[in-house]
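To start, the structure under review is shown below, and the notes come after it.
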Amino acid sequence: MSVQRNYEREFVRTFFTSPTAVQGEDDSAKMLRSAAQLRGMQAPDVWIPDNEDATAPSMRDEGVENIIDVVSEHGADFPGEIHPRVVWHREDPSKRLDGFEYMREIADPENGAVDHIDGFVIPEVGDIDDWKKADEFFQIVEDEHGLEEGSLSMSVIVESGEAEIALNRIRDEMGKPSNTLERMFMLVDGEVDYTKDMRAMTPTGELPEWPELRHNTSKGASAAGLIAVDGPYDNIRDVEGYRERMEANRAKGMTGIWSLTPKQVEVANKAPLPPRTGSWLLDVGGDEVELVSEGDREVYDGDDVSLSADGDSYVLTVDGDEHELSGEELREELLDRTSYVPSMDDIVESMEEFEAAKEAGKGAIAMTQSATLVIDGVEVDVSKDRMWDEATYQAAQTPITLFQDVYEHRPDQHEELEEIYGADVVERATNVGN
């Protein structure tokens with residue numbers, strides 16, 4: 001039985017923060033106004049007017065006023081969800097009180113913003129009892145303002161060992177009469193404060209990778225029907241590093257990532273979607289090198305692999321190591337060294353084929369992938385069969401479910417999606433699996 005989700009969004013790709021008040025500007029809300037008008041691939045799935053770390057303490061009262069003004073004016077047209085971040089701290093009751101008062105002011109219907117506010121983000125949480133304190137403040141705000149119970153979602157930032165341990169208790173605590181933790185929406189990693197809390201050190205002073213934290217957050221989200229989001233990637237110019245971080249996260253089941261600029265938003269919005277075209281990869285010394293497609297031929301264009309033919313035998317050289325192989329041995333060796341990244345069309349076509357086979361009473365079918373590999377002008381035909389059963393189908397469906405979630409909730413991206421994939425593939429992708 002699948003875990004119940006309490007919100008429509010099954011996936012969040014982008015968690016974009018904006019300062020709520022910028023000191024020394026004629027319009028202190030300029031960053032909010034700019035973010036509120038983002039559209040298409042530059043607009044995040046979730047926008048966070050950040051009245052905590054991104055805003056100076058002396059500007060936070062003004063920041064609340066700016067949130068109200070900007071969201072009241074632009075919130076109805078903003079294509080993503082809006083979740084302001086307020087101050088909080090597990091060890092500081094004065095900060096918790098400030099956070100409560102900020103939520104209370106932003107959610108006041110007389111101020112005109114709450115109709116466009118989806119929830120609040122609570123930073124610096126501690127153990128599960130601290131999460132319940134925050135939930136009680138949500139209950140008070142909703143009751144005081146006549147809002148429906150649970151209408152404001154709560155997302156937390158995991159920034160301490162206490163909060164990480166609490167991840168294992170969320171599912172058991174949700175639904176108890178003493179709380180309304182069903183309002184939980186996102187679990188967000190905050191690696192900077194987490195590093196401080198753990199008293200961790202690296203020789204260079206850079207943040208540790210914290211793969212365990214990301215795994216634990218993703219696991220906690222999966223168990224409780226929530227959404228997991230990774231923390232900020234501070235080197236905003238390192239686009240390739242950002243992509244690699246997201247790829248590693250997706251292998252853990254964590255689709256979402258913090259975005260600091262509209263450019264990062266655009267990269268993060270596109271990265272989890274299936275590629276437009278498929279590609280063959282060749283393992284060269286542990287690195288996967290993408291082959292160059294030339295019609296129906298996949299060509300290796302590099303210096304670390306060479307191949308020559310001598311009658312019925314071949315000499316394959318990889319990183320200086322020579323292998324003398326027969327034709328069949330060569331095919332087996334190249335099969336072991338190659339993999340295929342399917343395109344959106346490939347995934348949809350395979351799912352459609354399996355659905356048709358299942359309709360005809362078959363429980364499993366073989367799917368064949370074949371290619372002509374070319375190394376130093378020598379052509380080698382390779383093919384591999386993969387058995388598809390219901391489990392394979394369900395695993396392949398995840399990127400399509402993501403696409404369908406995006407297509408349903410982000411109509412402002414429809415045009416760009418059709419430009420990427422073509423109208424026919426988009427139509428088929430929205431229908432397959434339903």
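Looking only at distances, a side-chain donor or acceptor of Arg60 sits under 3.5 Å from a matching main-chain atom of Glu52. For Arg183 (side chain) and Leu152 (main-chain N/O), a donor-acceptor pair under 3.5 Å exists by modelled atom type. Side chain of Asn269 to backbone of Ala43: a donor-acceptor contact under 3.5 angstrom is found. Checking side-chain atoms of His215 against main-chain N and O of Pro211 turns up no donor-acceptor pair under 3.5 Å. Between the side chain of Thr14 and the backbone N or O of Ala268, no donor-acceptor pair lies under 3.5 Å. Thr202 places a side-chain N or O within 3.5 Å of a backbone atom of Gly205 that can act as its donor or acceptor partner. Distance alone, capped at 3.5 Å, places no donor-acceptor pair between the Asp127 side chain and the Glu162 backbone. Between the side chain of Arg410 and the backbone N or O of Gly40 there is at least one donor-acceptor pair closer than 3.5 Å. For Trp47 (side chain) and Glu81 (main-chain N/O), no donor-acceptor pair under 3.5 Å exists by modelled atom type. Checking side-chain atoms of Glu288 against main-chain N and O of Leu282 turns up no donor-acceptor pair under 3.5 Å.
In this view, Asp69 satisfies the side-chain contact (heavy atoms from CB on, under 4.5 Å) rule with no residue, not counting sequence neighbours. For Tyr242, the side chain to side chain donor-acceptor pair (under 3.5 Å) partners two or more places apart in sequence, or in a different chain, are Ser259. For Asp197, the side-chain contact (heavy atoms from CB on, under 4.5 Å) partners are Arg90, Ser160, not counting sequence neighbours. Not counting sequence neighbours, Tyr421 has no partner by the side chain to side chain donor-acceptor pair (under 3.5 Å) test. Legend: residues meeting side-chain contact (heavy atoms from CB on, under 4.5 Å) with Met201, ordered by chain and number and at least two apart, are absent. With sequence neighbours excluded, the residues that form a side-chain contact (heavy atoms from CB on, under 4.5 Å) with Asn431 are Glu427.
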| task | Evaluate the side chain to side chain contact (heavy atoms under 4.5 Å, CB included) criterion for residues Met246 and Tyr233: first the C-alpha distance (whole Å), next the side-chain angles of each, then the deciding distance (0.1 Å), finally the verdict. | result | CA-CA 10 Å; Met246 288 184 283; Tyr233 191 85; over 6 Å; no
| task | Any chance you could lay out the side chain to side chain contact (heavy atoms under 4.5 Å, CB included) test for Val289 and Val305, step after step, and finish with the verdict? | result | CA-CA 11 Å; Val289 177; Val305 179; over 6 Å; no
| task | Show the numbers, then the answer: is there a side chain to side chain contact (heavy atoms under 4.5 Å, CB included) between Val192 and Asp53? | result | CA-CA 11 Å; Val192 176; Asp53 281 352; over 6 Å; no
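Arg243 and Glu247 are not joined by a salt bridge, as no carboxylate oxygen comes within less than 4.0 angstrom of a charged side-chain nitrogen. Using a 4.0 Å cut-off between a side-chain N of Lys or Arg and a carboxylate O of Asp or Glu, Asp424 and Arg428 qualify as a salt bridge. We find that Lys196 and Asp193 are joined by a salt bridge, their nearest charged nitrogen and carboxylate oxygen being less than 4.0 Å apart.
For residues 227-241, the set of pairs meeting the salt bridge (Lys or Arg N to Asp or Glu O under 4.0 Å) definition, not counting sequence neighbours, comprises Asp230-Arg245. For residues 31-40, the pairs satisfying side-chain hydrogen bond (donor to acceptor under 3.5 Å, both in side chains) are Asp27-Arg33, with sequence neighbours left out. Among residues at least two apart or in separate chains, salt bridge (Lys or Arg N to Asp or Glu O under 4.0 Å) pairs with a member in residues 370-386 are Arg297-Glu379. The list of ring-ring contact (aromatic ring centres under 6.0 Å, His included) pairs with a residue in residues 311-336, not counting sequence neighbours, is empty. Every pair tested for ring-ring contact (aromatic ring centres under 6.0 Å, His included) that includes a residue from residues 358-391 fails, sequence neighbours excluded, so the list is empty. Identified under the salt bridge (Lys or Arg N to Asp or Glu O under 4.0 Å) test for residues 305-330, with sequence neighbours left out: Glu328-Arg331.
Nearest heavy atoms, Arg276 versus Ser343: O-CB, 3.5 Å. When every heavy atom of Glu191 is checked against every heavy atom of Leu207, the shortest pair comes out as O-CD2, 4.1 Å. Taking each heavy atom of Asn51 and Gly63 in turn, the nearest pair found is OD1-CA, 3.6 Å. For the pair Ile128 and Ala166, the tightest heavy-atom approach, listed with the atom from each and the gap, is N-CB, 3.8 Å. Considering every non-hydrogen atom in both Asp130 and Glu124, the closest pair reads OD2-O, 4.2 Å. Summarising the geometry of Val378 relative to Ala309, their closest heavy-atom pair is CG2-N, 4.4 Å, with the distance given to 0.1 Å.
Surrounding CG of Asp26 are at most 12 heavy atoms belonging to other residues, nucleotides or ligands under 6.0 Å away. Within 6.0 Å of atom CG in Asp301, 12 or fewer heavy atoms from other residues, nucleotides or ligands are found, so the atom counts as exposed in its surroundings. Other residues, nucleotides and ligands place no more than 12 heavy atoms under 6.0 Å from the CD atom of Glu8. Atom NZ of Lys358 sits in a crowded spot, with more than 12 heavy atoms from other residues, nucleotides or ligands closer than 6.0 Å. Within a 6.0 Å sphere centred on CE of Met351, heavy atoms belonging to other residues, nucleotides or ligands number more than 12.
A distance of 7.0 Å separates CG of Leu335 from OG of Ser383, quoted to the nearest 0.5 Å. Interatomic distance, CD1 of Ile365 versus CD of Glu353, reported as 4.5 Å (0.5 Å rounding). In this structure, NZ on Lys132 lies 6.0 Å from CG on Asn179, to the nearest 0.5 angstrom. To the nearest 0.5 Å, the span separating CZ on Arg214 from NZ on Lys252 amounts to 4.5 Å. Rounded to the nearest 0.5 Å, atoms CG (Asn168) and CD (Glu173) are 12.0 Å apart. The structure places CE of Met154 at 9.0 Å from CE of Met103, a figure rounded to the nearest 0.5 Å.
Thr392 has its side chain out of reach of Met387: every pair of non-hydrogen atoms, C-beta onward, lies at least 4.5 Å apart. Looking only at side-chain heavy atoms (C-beta outward), Val265 and Leu38 stay at 4.5 Å or farther from each other. With contacts defined as side-chain heavy-atom distances shorter than 4.5 Å, the pair Phe15/His83 does not qualify. Using a 4.5 Å cut-off on side-chain heavy atoms (C-beta onward), Val156 and Met184 make contact. No side-chain heavy atom of Arg9 sits under 4.5 Å from any side-chain heavy atom of Val46. Residues Met254 and Ile257 fail the side-chain proximity criterion, which asks for heavy atoms closer than 4.5 Å. Between Ile106 and Phe120 the shortest side-chain heavy-atom distance falls below 4.5 Å. Within the 4.5 Å cutoff, the side chain of Thr20 has no heavy atoms near those of the Tyr102 side chain.
In this pair, His414 and Tyr407 present their aromatic rings parallel. The plane angle is below 30°, not in the 30 to 60° band.
Counted by atom type alone, Glu390 and Gln394 present one or more donor-acceptor pairs between their side chains at under 3.5 Å.
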